[in-house]
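Below: one structure, written as structure tokens.
Along the sequence shown, the residues carry numbers beginning at 1.
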Amino acid sequence: MEEPTMSLELRAPNEAKDRRLRARPELPNPVILPGGQALFLSESVEGLDEGAHFLDGLKPEELEQLNSHGRHLAFATGDAIFTQGDWHEGIFIIKSGQVRVFYTAPSGREITLAYWTAGHFIGGPEIAGGGAHIWSGEALSDCEILFLPASVLKRLVVGLPGFALCLVQGLASKGRCYSAMAQMLGTRSVIERLAQFLTNLGELHGVRDGHAVIINAKVTHDQIAAMVGSTRQWVTMMMKRFQKEGLVTVTPRHIRIERPNKLMSMVSKGGT
């Protein structure tokens, strides 16, 4: 009788299984967009929060004078701070909380222009009153706002030259923000914008897990669609494609960028 022979079967490594067996990084509670700093569509994360510091040049007594002339307002999560089409009466400085600024098309479709956090002012581009708001702002969390009516702004610009300079710097930061967004919308395909936005989220809220990056932030397909100028259905379709190609893994809690370099190369190669 022949003795039974033993055979060795060579199997390809199961990458998904190996990944599950590795020690996973400890993750804090997911960030609620935008997190601790401003967020808008941009080719990089550099300078996203630049405008939060536009009042840093004021002396303590000048800052106190500014606070004493404004109206201190409180908004609850979901409240409208200003609404597209309403008469413009001044600007709002965010003291605490988070605000989403968005434009609504006649069709009802929305595009998120930016998420703003403490230190930024909103309600432009008008600062001296007149005209109508050309977009809307809503509180994403409970917010404390310093409202500066147009009449107060005019007096402060004349009486506080330091504030006038700060305001110019704040407007310049806003101009760079919306220029970055316009460049992305005008020169990048929607798939490139999606790849860039996911990459930016990875840089802002990412936790390394080997070569992969876990985006530790709660973000929905609706939020992504409004940022990149698309629809939720298209984003869902593209995320499935990205998963099939091994670029990302989507779970109920996180988006995991499996191949960050490959995702970023889609931006430079036109989304292919």
For this session: Could you give me the CA-CA distance, side-chain angles and deciding distance for Arg241 and Ile191, then say whether side chain to side chain contact (heavy atoms under 4.5 Å, CB included) is met?
Result: CA-CA 11 Å; Arg241 171 183 156 182; Ile191 192 171; 3.7 Å; yes
For this session: Apply the test side chain to side chain contact (heavy atoms under 4.5 Å, CB included) to residues Met184 and Glu43: give CA-CA distance (whole Å), side-chain angles for both, the deciding distance (0.1 Å), then the verdict.
Result: CA-CA 7 Å; Met184 287 289 292; Glu43 292 184 348; 3.3 Å; yes
Problem set entry | Leu140 vs Ile32, side chain to side chain contact (heavy atoms under 4.5 Å, CB included): CA-CA, chis, key distance, verdict | CA-CA 9 Å; Leu140 295 178; Ile32 304 297; over 6 Å; no
For this session: Kindly determine whether Asn67 and Glu64 satisfy side chain to side chain contact (heavy atoms under 4.5 Å, CB included), including the steps that lead there.
Result: CA-CA 5 Å; Asn67 283 312; Glu64 183 178 350; 5.7 Å; no
For this session: Output, in order, the C-alpha distance, side-chain angles, deciding distance and verdict of side chain to side chain donor-acceptor pair (under 3.5 Å) for Thr251 and Arg256.
Result: CA-CA 8 Å; Thr251 72; Arg256 176 187 168 98; over 6 Å; no
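Shown here for Ala132 and Gly85, the closest heavy-atom pair between the two residues is CB-O, 3.6 Å. Taking both residues in full, the closest heavy atoms of Ile224 and Leu194 are given as CG2-CD1, 3.5 Å, listed atom of the first, atom of the second, then distance. Scanning all heavy atoms of the two residues, the minimum distance from Pro125 to Ile134 falls at CD-CD1, 3.9 Å. The heavy-atom pair separating Glu192 from Val267 by the smallest distance is OE2-O, 2.7 Å. Residues Met239 and Val248 approach most closely at O-CG2, 4.1 Å, considering heavy atoms. The nearest pair of heavy atoms linking Phe40 to Ala180 is CE1-CB, 4.3 Å.
Taken from CZ in Phe197 to CG in Leu39, the straight-line distance is 5.0 Å, to the nearest 0.5 Å. To the nearest 0.5 Å, atoms NE2 (His69) and CG (Leu146) are separated by 11.5 Å. Atoms CG and CD1, on Leu263 and Ile257 in that order, are 5.5 Å from each other to the nearest 0.5 Å. With rounding to the nearest 0.5 Å, the separation of CZ in Phe163 from CZ in Phe54 is 6.5 Å. One distance of note links CD of Glu138 with SG of Cys143; it measures 10.0 Å at 0.5 Å rounding. Rounding to the nearest 0.5 Å gives a distance of 5.5 Å between CG of Leu41 and CG of Leu185.
Phe121 carries Lys174 over the face of its six-membered ring, with the cationic atom under 6.0 Å from the centre and within 45° of the normal.
Listed for the Gln98 side chain is a donor-acceptor partner under 3.5 Å among the backbone atoms of Gly35. Within the 3.5 Å criterion, the main-chain N or O of Gln84 finds a donor-acceptor partner in the side chain of Ser136. With hydrogens and angles disregarded, a donor-acceptor distance shorter than 3.5 Å links the side chain of Arg109 to the backbone of Gly229. Formation of a donor-acceptor pair under 3.5 Å by the Arg193 side chain with backbone atoms of Val228 is found in this model. Between the side chain of Asn216 and the backbone N or O of Gly206 there is no donor-acceptor pair closer than 3.5 Å. A distance-only check finds no donor-acceptor pair linking the side chain of Asp209 to the backbone of Ile214 [under 3.5 Å].
Considering Gln169, Arg176, Gln37, His120 in turn, Arg176 is the only one that fulfils the side-chain hydrogen bond (donor to acceptor under 3.5 Å, both in side chains) rule with Glu50.
Side-chain atoms of Leu160 and Leu58, non-hydrogen and from C-beta on, never get closer than 4.5 Å to each other. Looking only at side-chain heavy atoms (C-beta outward), Leu167 and Ile91 come within less than 4.5 Å of each other.
Between Glu245 and Arg259 there is no salt bridge, since no side-chain nitrogen of the basic residue lies less than 4.0 Å from a carboxylate oxygen of the acidic one.
Partners of His205 by ring-ring contact (aromatic ring centres under 6.0 Å, His included), not counting sequence neighbours: none found.
Between Trp116 and Phe92, a ring centre-to-centre spacing not shorter than 6.0 Å is recorded.
For Asp56, the CG atom counts as densely surrounded, since its 6.0 Å shell holds more than 12 non-hydrogen atoms of other residues, nucleotides or ligands. The environment of CZ in Arg253 is sparse: at most 12 heavy-atom neighbours from other residues, nucleotides or ligands sit within 6.0 Å.
Under a hydrophobic-cluster definition in which Ile, Leu, Val, Met, Phe, Trp and Tyr are linked whenever side-chain heavy atoms come within less than 4.5 Å, directly or via other members, Phe147 and Leu66 are assigned to different clusters. Ile127 and Val168 fall into different hydrophobic clusters, defined by Ile, Leu, Val, Met, Phe, Trp and Tyr side-chain heavy atoms under 4.5 Å apart, directly or through other members.
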